[in-house]
Amino acid sequence: MTRFYVVSDGEPSPEASDCTTFTATGSASALPDMLKELDAQGMTLVSIHDRPAKTTLGQYVYVLECSGGGQDACEEIAEKCKDFTIRYLGSYPVLEIKKCTTFTCK
């Protein structure tokens, strides 16, 4: 069993929305069109995972993580890509990692 927790119910600020995660349920043949729409929205694909939807043969649930975008961009994608059911999961700031040596961090 997987559990998810709501950390905040407020919308993140646009500056903090460095990474956006959403699911898209649809066929593999329509995936290139959705990826073109991601590019048109100014989003860069960071990772994509797929699982069979277990409803219809050839239908998949894709979990996409993108840099840039946000809820508005996901709504635009949902309007233009009718072959997919889009579910916005959230946006979060990317952690900035400092370069560390053995004893000191710069």
Side-chain angles (χ1 to χ4, degrees):
M1 175 191 277
T2 302
R3 294 190 175 105
F4 296 95
Y5 296 95
V6 175
V7 179
S8 171
D9 60 357
E11 178 67 25
S13 68
E15 305 86 41
S17 298
D18 294 338
C19 200
T20 301
T21 305
F22 64 96
T23 64
T25 305
S27 69
S29 61
L31 186 61
D33 293 332
M34 187 181 65
L35 295 177
K36 288 177 189 172
E37 188 56 37
L38 281 177
D39 186 46
Q41 293 295 323
M43 300 170 79
T44 303
L45 184 64
V46 174
S47 70
I48 184 170
H49 304 279
D50 64 330
R51 296 285 181 262
K54 296 184 180 179
T55 55
T56 306
L57 186 63
Q59 295 289 309
Y60 294 90
V61 177
Y62 298 96
V63 179
L64 296 100
E65 188 174 330
C66 303
S67 62
Q71 187 169 7
D72 294 337
C74 286
E75 289 172 1
E76 282 287 321
I77 293 168
E79 287 178 21
K80 294 183 179 178
C81 298
K82 299 294 184 188
D83 294 334
F84 283 95
T85 303
I86 306 290
R87 182 172 178 213
Y88 174 75
L89 299 178
S91 298
Y92 55 92
V94 175
L95 178 65
E96 187 176 318
I97 299 175
K98 296 179 180 181
K99 182 178 178 183
C100 295
T101 60
T102 306
F103 298 103
T104 60
C105 291
K106 295 179 182 179

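Summarising the geometry, atom OG1 belonging to T25 is positioned 8.5 Å from atom CZ belonging to F84; distances are rounded to the nearest 0.5 Å. Note that OH of Y88 is 8.5 Å distant from OG1 of T21, once rounded to the nearest 0.5 Å.
Of the possible polar contacts, one joining the T20 side chain to the G70 backbone as a donor-acceptor pair under 3.5 Å is found.
Listed by chain and number, the residues in a side chain to side chain donor-acceptor pair (under 3.5 Å) with E76 amount to none (sequence neighbours excluded). Partners of S27 according to the side chain to side chain donor-acceptor pair (under 3.5 Å) rule, which considers only residues two or more places apart in sequence or in another chain, are S29.
The salt bridge (Lys or Arg N to Asp or Glu O under 4.0 Å) pairs that include a residue from residues 28-54 are E37-K80, where partners are two or more places apart or lie in different chains.
A side-chain contact (heavy atoms from CB on, under 4.5 Å) with I77 is found for exactly one of L64, I86, D72, namely I86.
Here the closest non-hydrogen pair linking G69 and M43 is CA-CG, 3.7 Å. Closest heavy-atom contact between K82 and E79: CE-O, 3.0 Å. Across V46 and S67, no two heavy atoms sit closer than the pair CG2-N, 3.7 Å. The two atoms that bring C74 and F22 nearest to each other are SG-CD2, 3.6 Å, heavy atoms only. Residue Y62 comes nearest to A28 through the heavy atom pair OH-CA, 3.3 Å, listed as atom of the first residue, atom of the second, then distance.
In this structure the side chain of E65 reaches within 4.5 angstrom of the side chain of C19, judged on heavy atoms.
The hydrophobic cluster containing L38 also contains Y60, counting ILVMFWY residues as joined when their side-chain heavy atoms lie under 4.5 angstrom apart, directly or transitively.
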Open item on the list: Using the rule given for side chain to side chain contact (heavy atoms under 4.5 Å, CB included), can you reason through I48 versus L31, listing the C-alpha separation, both sets of side-chain angles and the distance that settles it, and then say yes or no?
Closed with: CA-CA 11 Å; I48 184 170; L31 186 61; 4.2 Å; yes
